Amino acid sequence: MNAVYIEELARHVGREVLVQGWLYNKRSSGKVRFVIVRDGTGLVQGVVTPDADPDAFALAERLPQEASLRVWGTVRVDPRAPGGHELSVTRIEPVHIPKEPFPIGLKEHGVGFLMDHRHLWIRMRRQAPILRVRDAVLWAIRAFFHERGYVATEAPIVVGTAVEGTTTLFPLEYFGQPAYLSQSGQLYLEATCMALGKVYWIGPVFRAEKSKTRRHLTEFWMAEAEVAFLEHDGNLQLQEDLVRYIVESVVAERRRDLEELERDPEVLLAEVAAPFARVTYREAVDIVRARGVAMEPGEDFGAPGEDALSQHFGRPVFVERFPARIKPFYMKRDPENPDLALNADLIAPEGYGEIIGGSQRVDSEEELLRQLCEANLPEEAYRWYMDLRRWGSVPHSGFGLGVERVVAWVAGIPHIREAIPFPRTLDRLYP
RNA sequence: UCCCCGGUAGCUCAGUUGGCAGAGCAGCCGGCUGUUAACCGGCGGGCCGGAGGUUCGAGUCCUCCCCGGGGAGCCA
């Protein structure tokens, strides 16, 4: 008999099937025993009675949580069962019976304990749907760019230069030379977009920031795009199209997981239905201050400021044209006001913070050199980057999207650490 | 780096004015024919984060340290 996955059970009603998985939970009521089996695609309740199979009935009492097993049974529709389908069990075959109790019970646990057991925690009820949503987000990003003819190109992970400065880099030794883990693939994408026109990549980046917040990881995944001949306004439109595409794809493909997470798909769809809001940095500062959050013009927005903007608009909002002084050296200046950068941050709704940072890039050699010097960065290390402005420089723009922040928003989970299988945070390198 | 909270059974926590170390869950034993984190009865389970101090007596008070969580700054 061929094995089936639990998510396919609706197609097998009335037939006997084999389900292979793990014992999630069991209950007993004298002469009826219930085994809740998970297989990675969902949960199903098996009903075991002594008359159907005495051996299975005995096993249903004995098997501990997370025992791996094969279960044969007939699929029935039953509204009493979680998921709507139920298995009338005819046979149970243990694959592996644990000798010790599974560390993670079905009752509540503390965050520290769960994080220490992350390798087992991901088996539990809420975690699997989150990771399936993550998969759907990543697929949506790839599909979006692939449909538009973008070429996926990779940036190196081990690099010799900083993108944003040197304080947040993880240093390592590279055959006797100093090297770093990349904090962004952007500079390399600028090079590949001059070769291929429009490019993207999805990869891990590393920031040694000593941040302890629900929005930060030291290792996270970024989806970055870079497009030759694309200017600021087109860049914003591209980002908006991408974010809407992601949300609509995930809702279409993973509605059941969102519902399992008690995330209302209609709320998400409503948030991205209308054109995203767009405000300038100056307007945003006024809005933030009007909502009672203290900040001075010229400062970056803190988390409370982002939350205020988030609440004010109730949908994604672009904040554009920041003071160039507080932004990286590679951003092109606003031709109408050289104190401003041609950049934008995209703030997600519901307090999920900045999910995209992007800008039009400097395209003139002289301007780039000047801004490199102002940022006190070593010219020599950026010589190759300067070369891009020496041969056929064109206006170009790009952005980076924080995958885990998007997953957290779409899944509606409070903390980014659950949006990646094995989060790396300030004080956590295990497991 | 700074601010706040916490560390007691495998897990989640309670522990009064400083006076015998507790509960629920998990585990084990028993009961129950439709359970929904099932329920009911019983049993075992402790370096109270570590070091020092105050005291007749410290889980409780003081000092230092370690670990974890939340937030700030910074960022996606």
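Just so we're on the same page: letters track the sequence lines, and every chain starts at 1. Remember, predicted model here, so these are calculated numbers, not experimental data.
- Of the possible donor and acceptor atoms, none in the side chain of A:S211 sits under 3.5 Å from a partner among the backbone N and O of A:T213.
- Nearest to the side chain of A:F220, among B:G73, B:A76, B:G68, sits B:A76.
- In this structure, A:M115 atom CE and B:G70 atom C1' are separated by 14 Å, rounded to whole Å.
- Residue contacts shown for A:G357 are limited to sugar-phosphate atoms, with no base heavy atom under 4.0 Å away.
- Ring planes of A:H117 and A:F113: tilted class, angle from 30 to 60°.
- Between A:H415 atom NE2 and B:G69 atom P there is a gap of 8 Å when expressed in whole angstrom units.
- Base contact: A:L217 has a heavy atom under 4.0 Å from a base atom.
- The side-chain hydrogen bond (donor to acceptor under 3.5 Å, both in side chains) test with A:W201 is passed by exactly one of A:E224, A:E154, A:E226, A:Q186: A:E224.
- Using a 4.0 Å heavy-atom cutoff across all strands shown, A:E306 reaches at least one base atom of the nucleic acid.
- Using a 4.0 Å heavy-atom cutoff across all strands shown, A:G302 reaches sugar-phosphate atoms only and no base atom.
- One side chain, A:S359 or A:R361, offers a donor N or O that lies under 3.5 Å from an acceptor on the other.
- At least one side-chain nitrogen or oxygen of A:R428 sits closer than 4.0 Å to the OP1 or OP2 atom of B:G69.
- To the nearest angstrom, C1' of B:A72 lies 11 Å from NE2 of A:H216.
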Worksheet item: What do the steps show when you test A:H396 against A:E190 for side chain to side chain donor-acceptor pair (under 3.5 Å), and what is the final call?
Response: CA-CA 8 Å; A:H396 63 290; A:E190 288 187 56; 2.7 Å; yes
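- Among A:Y200, A:W139, A:Y245, the one residue that satisfies the ring-ring contact (aromatic ring centres under 6.0 Å, His included) test with A:F144 is A:Y245.
- When the C1' atom is compared between B:G45 and B:A23, the two are found 14 Å apart, to the nearest whole Å.
- Using Watson-Crick or G-U wobble geometry with both donor-acceptor distances under 3.5 Å, B:C43 finds its partner in B:G27.
- For B:G18, there is no paired nucleotide, since no Watson-Crick or G-U wobble pair has both relevant distances below 3.5 Å.
- For B:C39, its base never sits under 3.5 Å from the side chain of A:S28 at any donor and acceptor pair.
- Residue A:R76 is classed as a base contact, given a heavy-atom separation below 4.0 Å to a base.
- With both pairing distances under 3.5 Å, B:U1 is matched to B:A72 as a Watson-Crick or G-U wobble pair.
- Side-chain atoms of A:D334 do not come within 3.5 Å of backbone N or O of A:R321 as any donor-acceptor pair.
- Rounded to whole Å, atom C1' of B:C13 lies 14 Å from atom CZ of A:F113.
- Heavy atoms of A:R417 sit under 4.0 angstrom from primed sugar atoms or phosphate atoms, though from no base atom.
- Checking B:G71, B:C11, B:G34 against every side-chain atom of A:H109, the shortest atom distance belongs to B:C11.
- Using a 4.0 Å cut-off, no side-chain N or O of A:R215 falls inside it from OP1 or OP2 of B:A72.
- Across all strands, A:L401 comes closer than 4.0 Å to no nucleic acid atom at all (heavy-atom distances).
- Geometrically, A:R215 does not engage A:Y352 in a cation-pi contact, judged by NZ or CZ lying under 6.0 Å from the ring centre and within 45° of the ring axis.
- Checked by distance alone, A:R405 brings a side-chain donor or acceptor within 3.5 Å of a matching partner on the base of B:C75.
- Separation of the P atoms belonging to B:G53 and B:C11 is 30 Å when rounded to the nearest angstrom.
- Of the two residues near RNA chain B, A:G400 and A:V111, the one whose nearest nucleotide lies more 5' is A:V111.
- Of all nucleotides listed (B:A37, B:G34, B:G73), B:A37 comes nearest to the side chain of A:N25.
- Across all strands shown, A:D345 has no heavy atoms under 4.0 Å from either base or sugar-phosphate atoms.
- For the pair A:F34 and B:G34, the ring geometry does not qualify as stacking, because the centroid separation below 5.5 Å and plane angle under 30° are not jointly satisfied.
- Atom P of nucleotide B:C75 and atom CE of A:M331 are separated by 10 Å, given to the nearest angstrom.
- On the P atoms, B:G46 is 8 Å away from B:G10, given to the nearest whole Å.
- The NZ-P distance, from A:K210 to B:G69, rounds to 15 Å in whole Å.
- Side-chain atoms of A:S211 and base atoms of B:G73 include a donor and an acceptor less than 3.5 Å apart.
- At the heavy-atom level, A:Q45 lies under 4.0 Å from base atoms of the strands shown.
- Across the interface with RNA chain B, nearest-nucleotide mapping of A:Q65 and A:M222 shows A:Q65 to be the residue nearer the 5′ end.
- Going from the C1' atom of B:A14 to that of B:C25 covers 14 Å, rounded to whole Å.
- The CG-P distance, from A:L429 to B:C67, rounds to 14 Å in whole Å.
- Interface remark: the A:E86 side chain does form a donor-acceptor pair with the B:G34 base, using a distance-only criterion of under 3.5 Å.
- Nucleotides B:C40 and B:G24, compared at atom C1', are 15 Å apart to the nearest Å.
- Put simply, the side chain of A:T218 gets close to the backbone of A:R424: a donor and an acceptor are under 3.5 Å apart.
- With both ends at atom P, the span from B:C74 to B:C48 equals 44 Å, rounded to whole Å.
- Comparing B:C5 with B:A9, their P atoms sit 22 Å apart, to the nearest whole Å.
- With a cut-off of 3.5 Å on both pairing distances, the Watson-Crick or G-U wobble partner of B:A51 is B:U63.
- Rounded to a whole angstrom, the distance from the C1' atom of B:C56 to that of B:C47 is 24 Å.
- Remark: P of B:G34 and NZ of A:K31 are 11 Å apart, rounded to the nearest angstrom.
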